[in-house]
Amino acid sequence: MDISLEERESGRVRRPAVAGTFYPSGGPALRSAIADCAARAVPSIPPARPKALIAPHAGYMYSGPIAATAYGTLAPWRAAVHRVILLGPSHHVALRGFLTPLGPVPVDAGAVLALQELPFVRCRDDAHAAEHSLEVHLPFLQVALDRFRIAPLVVGDATAVEVAEALDNVWDGDETLIVVSTDLSHYLPYERARAIDAETGESIRRLDIRAIDGSRACGYRALNGLLTAAAQRGLAVTSLDQRNSGDIAGARDRVVGYGAYALTGSAETDATVPDDPSPR
């Protein structure tokens, strides 16, 4: 079900906060930008259908190709996913829906109710007012999937166990996809960033949260919660892409790291992805 005009004007539909800065503000230009990101993505096939994805959230000119690598893996299942649990750094937000230049994205009321059963989840519309970490993923999802609803979770001061418990409440079956929004290291010299991000990528692949903190991933709370849930459920991680802003655009003296990963129920690993992937 779409969002009605009355609902859009009620104040319960969040309008774009970073359209025109992080990504184009017009629908055709936005579709063109996503197509350009896809053209610069790394073609990657995980060993099985992704249950969860980890993807970055910077402006499309920087992290768009890495995000496109993650969302490109959904092509065979674009009609099968009907709900997306979208987690990013900083409170749970329960709105009627979201609006992007590509149209409205409804919120899944059932998932919201399931999350509200938890004592550490709070419903705050204002928590998302200027937050970009979830918004930038919506256009990618709108292009990658057919009809879907989202459960947006902005993760503040939550433990990995709490995030894993929240995910457990909305895990469900193949119709539900989980997406964690995070960048990797911030503002390090190029070679240092590559080394640090390679270590973080290895920790992600091993589902080892011990070394992943805010200096290695800005969305580490959501990320560590997903990795905790994945370890409990026997999921495996496939590294799809790992680059930084120095590889995509801009100088290399202070870069931001980006990674794309798929979590599947298969114990297989992707032998085509090296342990220390070189920038592409």
Side-chain angles (χ1 to χ4, degrees), residues 18-46 50 52-76 78 84 86 88-89 100-102 132-145 177 179-188 190-191 193-194 196-198 200-201 204-205 216-219 223 237-263 270 272-274 276-280:
V18 295
T21 53
F22 279 63
Y23 58 85
S25 58
L30 178 51
R31 287 189 181 277
S32 178
I34 291 175
D36 178 67
C37 290
R40 294 187 291 156
V42 175
S44 301
I45 302 175
L53 296 173
I54 301 166
H57 56 236
Y60 286 9
M61 68 177 294
Y62 297 109
S63 68
I66 295 86
T69 297
Y71 289 112
T73 64
L74 299 178
R78 63 173 298 121
V84 177
L86 181 57
T100 82
L102 301 185
H132 71 274
S133 67
L134 304 189
E135 179 183 330
V136 297
H137 289 279
L138 297 178
F140 278 106
L141 287 163
Q142 287 174 294
V143 170
L145 301 175
L177 172 73
V179 176
V180 163
S181 171
T182 186
D183 297 336
L184 299 179
S185 65
H186 282 58
Y187 310 129
L188 297 176
Y190 180 81
E191 292 298 342
R194 286 191 61 205
I196 291 292
D197 293 342
T200 303
I204 292 172
R205 287 189 289 271
R216 290 176 177 260
C218 56
L223 173 60
V237 178
T238 298
S239 178
L240 305 171
D241 194 0
Q242 193 166 298
R243 289 179 269 180
N244 63 51
S245 58
D247 298 313
I248 307 299
R252 293 191 170 190
D253 55 335
R254 297 174 76 244
V255 304
V256 177
Y258 311 121
Y261 310 88
L263 284 73
D270 185 354
T272 65
V273 179
D276 184 10
S278 299
R280 302 174 175 87

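We number each residue from 1, following the sequence as shown. The basis for the numbers below is simple: all heavy atoms, side chains too, and nothing from hydrogens, waters or symmetry mates.
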Please check this pair: side chain of [X] against backbone of [Y], looking for a donor-acceptor N/O pair closer than 3.5 Å.
X     : Y     : value
Ser44 : Val42 : yes
Thr73 : Thr69 : no
Ser63 : Ala58 : yes

[atom1] of [X] to [atom2] of [Y]: how many Å apart, nearest 0.5 Å?
X      : Y      : atom1 : atom2 : answer
Asp183 : Ile66  : CG    : CD1   : 9.5 Å
Asp197 : Arg216 : CG    : CZ    : 8.5 Å
Cys37  : Met61  : SG    : CE    : 10.5 Å
Tyr190 : Asn244 : OH    : CG    : 5.5 Å
Ile204 : Leu223 : CD1   : CG    : 5.0 Å
His132 : Glu135 : NE2   : CD    : 9.5 Å

Which heavy atom in [X] sits nearest to a heavy atom in [Y], and how many Å separate them?
X      : Y      : answer
Gly88  : Leu134 : N-CD2, 3.2 Å
Cys218 : Thr182 : N-OG1, 3.6 Å
Thr21  : Val18  : OG1-O, 2.8 Å
Gly259 : Leu184 : N-CD1, 3.8 Å
Ser181 : His137 : OG-NE2, 3.0 Å
Ala260 : Ala70  : CB-CB, 3.9 Å

- Quick one: are Val237 and Ile54 in side-chain contact, heavy atoms under 4.5 Å?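 No. Closest side-chain heavy atoms not under 4.5 Å.
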- Message: Quick one, Pro139 and Ile34 - any side-chain contact, counting heavy atoms below 4.5 Å?
- Response: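 Counting from C-beta outward, Pro139 and Ile34 do come under 4.5 Å.
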Identify, with sequence neighbours excluded, every residue that meets side chain to side chain contact (heavy atoms under 4.5 Å, CB included) alongside [X].
X      : result
Ser245 : Tyr62, Val255, Val256, Tyr258
Ala262 : Pro46, Pro50, Leu53, Leu240
Arg40  : Asp36, Pro65, Ile248

- Message: Between Gln142 and Thr100, do the side chains contain a donor N or O and an acceptor N or O under 3.5 Å apart?
- Response: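 Yes, side-chain donor-acceptor contact under 3.5 Å.
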- Do Ser133 and His57 meet the criterion of a side-chain donor-acceptor pair at a distance under 3.5 Å?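 No.
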- Apply the test side-chain contact (heavy atoms from CB on, under 4.5 Å) to residues Arg254 and Leu188: give CA-CA distance (whole Å), side-chain angles for both, the deciding distance (0.1 Å), then the verdict. CA-CA 5 Å; Arg254 297 174 76 244; Leu188 297 176; over 6 Å; no
- Message: Is the distance from the ring center of Tyr23 to that of Phe140 below 6.0 Å?
- Response: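 When the ring centroids of Tyr23 and Phe140 are compared, they turn out to be at least 6.0 Å apart.
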- So, Arg252 and Asp247, do they make that salt bridge, N to O below 4.0 Å?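 Counted as a salt bridge, because a side-chain N and a carboxylate O are separated by less than 4.0 Å.
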- Item | Criterion side-chain contact (heavy atoms from CB on, under 4.5 Å) on Tyr71 and Val179, from CA distance to verdict | CA-CA 10 Å; Tyr71 289 112; Val179 176; 3.4 Å; yes
